Amino acid sequence: MDKTYSPRDIEPSWYETWERNGYFRPSGEGTPYCIMIPPPNVTGTLHMGHAFQDTIMDILTRYHRMSGDNTLWQPGTDHAGIATQMVVERQLNAEGNDRHTLGREAFVEKIWAWKKHSGGTIQNQMRRLGASVDWDRERFTMDEGLSESVDEVFIKLYEQGLIYRGQRLVNWDPVLQTAVSDLEVESAEEKGSIWKLRYPLSNGDGHLVVATTRPETMLGDTAVAVNPNDERYTHLIGQTVMLPLVGREIPIVADDYVDPAFGTGCLKITPAHDFNDYQVGLRHECEPINILTGDAHINDNAPAAYQGLDRFAARDQIVADFEAAGLLEGIDPHTLMVPRGDRTGAVIEPYLTYQWFVDLTREVQPDGRPGGWQAITQPAIDVVRDGRIRFTPENWTKTYYNWLEDIQDWCISRQIWWGHRIPAWYDDAGNVYVGRDEATVRAEHGLGEAVTLAQDDDVLDTWFSSALWPFSTLGWPQDTSELQSFYPTSVLVTGFDIIFFWVARMIMMGLRFMDAVPFHEVYIHGLVRDSEGAKMSKSKGNVLDPIDIIDGIDLEALVAKRTSGLMQPRRAAMIEKQTRAAYPEGIAAHGTDALRFTFASLATTGRDVVLDMGRIDGYRNFCNKLWNAARYVLMNTEDQDCAATHNNFTLGTAERWIISRLQATERAVTDALDHYRMDQAAQAVYEFLWDEYCDWYLELSKPTLQGDASVAQQIGTRRTLVAVLEAVLRLAHPFMPFITEEIWQRLAPLAGVSGETIMTQAFPVAQPERDDPEAEAEIDWVKRFILGIRRIRGEMDIAPGKRLPVLLKHASATDQSRLEQHRAALDFLARLESVDQLNHDDEPPESALALVDSLEIRVPMAGLIDKTAELTRLGKERKRLADDLERIDGKLNNEAFVSRAPNEVVEREREKRAEASAALERIDAQYARIEAI
RNA sequence: GGGUGGUUAGCUCAGUUGGGAGAGCGUCGCCCUUACAAGGCGAAUGUCGGGGGUUCGAACCCCUCACCACCCACCA
């Protein structure tokens, strides 16, 4: 093996080998285990959030594959209608072109070209991350097969009366000029104003004052509402006002919705441009008057003076005209919630249009009769309530219920070009025909050549096809063997941000069309944030490409990457400055394994992940540690007898100890993985490998291998070095696939293991019969002996290499035998020069003291030890023991504690007291002795 | 206006039936000891957000306050 660990030299080639040999494909044997990837959008490249999520899924996938399951991780990408269309449109604009000039067909062709490019980038990124997906099964939401699923579901739901088309007030993005769903609107507080406008009574008898944050909508007012119990206005109910600037006479109506305490208590009603007003309008039979065009300019339903004005220009004009007419009562500053499109940031308009909806609220019996339960929504609630789907962490179920229990119908039509065209056709009379294609529609409805049919121009919401992902990717509506094996899938790994967009809708559609849940478990992970804890986004310029952490990137390239292709180019200067401050040296190469291990160890439940570069450095070092440990093992075992093929060896205490510790580690890792605690699993691997295997076992092996231990013992040690490392590699493989494979290839033969790849080896299972408490106790004694001497050495600033003479006192029979047994290890690890025993009544010479239970270990001070330093050291020890004792006595002297606490707890305290007290006595004596010198 | 999560060492975070406060990184010493200086050995570091309660005993359970973050919601 190379002396230095170099991830870039081992990672890409192993992935190629794995993929070429088909190791990612389901084995076809064992319990099915399936994860559907949340298909990334083909809008560009994967970010740190994807890398995090992919790491979690790959850990689970590799773990289950190694455990013998028939494992499928299904890959694919999402067409992401609006987002992708915007990306390509922006590119067109940059070329001085636009989609309308190009035309629908040519534009869609351009998007397909982009999809190919982006999809390829995503594939490469996933390969670099080591994602063991079955590429042969890769799907895209606009594939032929998936499009067939979409049509099938749409048609079925339409036939069942659960999809309908209607004129409704929807959220309209005037930049995209399409409807969007409630979920795609983000409301935030913004500073604005409240304008108080006078509406003169038609009878000339004064005026009412309405308050509004959107004066321009007054052009579409159809009523003024007051609360029926508001005594100020009851006498006016039923009368009319003359709408200024428009000259329309509109009624004053009474409606409970109006809060008399807010504003003036008079509410202007604009049914076509406000969701609440729409409802009020319905109650009072006011015909909505739409005054806006699709791009939010005033249309010809308004007086000529305002036609063609942008909504905000119209606002200024109208306010000015009110003022000129003496009808402006006042303007107050006001903070209000402004709805904006999540993609465009444009202020969303409630807009009256014909759209398609999935009915999520209508109550229909299973047999089709009305009433009973919400046909789509209720089952989705039930499966979580009764535990057929389990969330981890569990508390996300609350979020899930809250949303479903107050759900609105889902607007699924979008007035864009990229997506699944709605399978509906219209004749000249405006009749709607839903069907697979035009020919089918004609045949089914007996429509001859004479009837012209035009397909609906709209496409479906992206999430409509995403909702079908768990079964559409497996071949539905055909009844495939894949569906039989892998549906319902095992676990969905996703972020909380798409519980509504995606998780809930997959559950709805899965139950409706497969009559079974789409997955048994939902593992919700946190959001990856930058080191400042800020959300990563292109516009903030704090995004990181996982590949740049893997391969490293110099500062100039990173700056260039972050400042190019911005939606708001003026932010470039600031982003550059921040980037130069945060990464003055660019980013060093860390390798995939280190990045993955970092993600794993940060994957605690229900928390966001703050990405700390220092942490990645630390785990890169961990990889290096593993690399070098392997080098040591190979150096001492290659071409030597490791008992791979015979049983002529003996295991010493150290061997039995590390094997015992391995069992505990295997249990810890398996248990953690089974509970989605990737962090605990990673930590268990880390601690075992570094703190036990490297720090102690490798060191303990040295005196055995280099000293005069028996041949059988040396063989046993070599065998153990190899066997334990081989097991750890398998244990760590799901986290660090590349380095474990690289080392395993060389190590496996020495361990007598054959196989083409570690990927398909069995995941380690703890064997209780190899637990060895006696060996653990013994090695624990050895460690404490060595640590005692090291502490003296460290605090006395004695060079680590300097050999020390040691005197022992009060050595028990056990101490004696352990000393004898481990003498070589103690000499080597504690750098002992000599060990001599003192009799019980011997007065020890001036010396530094360490205790292992009752055993006194003394290092004579002559010429070595500084009196003051030793007093300081003993003083600290004494204080620690005295504090301990005080605390314990506090408990034991408390009558209530002794009488009420469980016996075993009291007994444990008594033992602790005895130990502490004995130790303190010796330290005290030693302190006095040194002090007297 | 509802709801959720958080507040533990300088930083990022563990701490799962309430019973001796932990890790990584950073810091401070001593060491290039033939696996590893991306390292070894040793050390320091915390009114566990504030207050109250339950309990023999609280980082953990209950109440309350403060601050931070996020989600949902139709108040002009």
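Every chain is numbered from 1 and lettered A, B, ... according to where its sequence line falls, protein lines coming before strand lines. Quick caveat: nothing in here was measured; it's all calculated off a predicted structure.
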* Output, in order, the C-alpha distance, side-chain angles, deciding distance and verdict of side chain to side chain donor-acceptor pair (under 3.5 Å) for T704(A) and K702(A). => CA-CA 5 Å; T704(A) 310; K702(A) 288 174 184 173; over 6 Å; no
Quiz item: Yes or no on salt bridge (Lys or Arg N to Asp or Glu O under 4.0 Å) for E909(A) and K891(A), after CA distance, side-chain angles and deciding distance?
Solution: CA-CA 8 Å; E909(A) 290 299 318; K891(A) 281 191 178 182; 3.7 Å; yes
*asked:* One pair to check against salt bridge (Lys or Arg N to Asp or Glu O under 4.0 Å): E329(A) and K196(A). What are the steps and the verdict?
replied: CA-CA 5 Å; E329(A) 177 104 355; K196(A) 292 180 184 162; over 6 Å; no
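One atom, CD1 of I798(A), and another, P of G40(B), lie 22 Å apart when rounded to the nearest Å. One can place CZ of F496(A) at 14 Å from P of A69(B), the figure rounded to the nearest angstrom. Between K802(A) atom NZ and G40(B) atom C1' the separation is 20 Å, expressed in whole Å. The distance from atom CZ of F622(A) to atom P of A23(B) is 16 Å, rounded to the nearest whole Å.
Comparing A35(B), C70(B), U4(B) by their nearest atom to the side chain of A629(A) picks out A35(B). When distances are taken from the side chain of R529(A) to each of C36(B), C75(B), A69(B), the shortest belongs to A69(B). Between A76(B), C70(B), A73(B), one nucleotide has an atom nearer to the side chain of F262(A) than all others, and that is A76(B). Of the candidate nucleotides A35(B), G24(B), A43(B), G24(B) has the atom nearest to the side chain of Y686(A). Closest to the side chain of N395(A), out of C72(B), G42(B), G5(B), is G5(B). Among G40(B), C41(B), A76(B), the nucleotide with an atom closest to any side-chain atom of A211(A) is A76(B). Closest to the side chain of Y632(A), from the set A35(B), A76(B), A73(B), is A35(B).
Residue V258(A) is classed as a base contact, given a heavy-atom separation below 4.0 Å to a base. Residue K196(A) is out of contact with every strand shown, counting any heavy-atom pair closer than 4.0 Å. Using a 4.0 Å heavy-atom cutoff across all strands shown, D259(A) reaches at least one base atom of the nucleic acid.
The aromatic rings of Y523(A) and H525(A) lie tilted to each other, with the angle between the two planes from 30° to 60°. Using cut-offs of 30° and 60° on the angle between ring planes, the pair Y351(A) and W172(A) is tilted.
In the region residues 688-699 of chain A, proximity to RNA chain B at under 4.0 angstrom, judged on heavy atoms, holds for W690(A), C694(A), D695(A), L698(A), E699(A).
Among F391(A), Y401(A), F496(A), F500(A), the one residue that satisfies the ring pair (Phe, Tyr, Trp, His ring centres under 6.0 Å) test with W396(A) is F496(A).
Nucleotides of RNA chain B nearest to N636(A) and V898(A) differ in position, and the one nearer the 5' end is that of N636(A). Nearest-nucleotide positions on RNA chain B for N628(A) and Y257(A) put N628(A) closer to the 5' end.
Without hydrogens or angle criteria, R596(A) side chain to F735(A) main chain gives a donor-acceptor distance under 3.5 Å.
Counting heavy atoms of neighbouring residues, nucleotides and ligands inside a 6.0 Å radius, atom CZ of R8(A) does not exceed 12 of them.
Nucleotide A44(B) has no partner under the Watson-Crick or G-U criteria, as no pair reaches both atom distances under 3.5 Å. In this structure, A66(B) and U7(B) make a Watson-Crick or G-U wobble pair, each of the two defining distances being under 3.5 angstrom.
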Readout for nucleotides 10-22 of chain B: B = base within 4.0 Å of protein heavy atom, S = sugar-phosphate only, - = neither; 5' to 3' it is --BSSSB--BB--
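Phosphate contact (OP1/OP2 of G39(B), side-chain N/O of N621(A), threshold under 4.0 Å): present.
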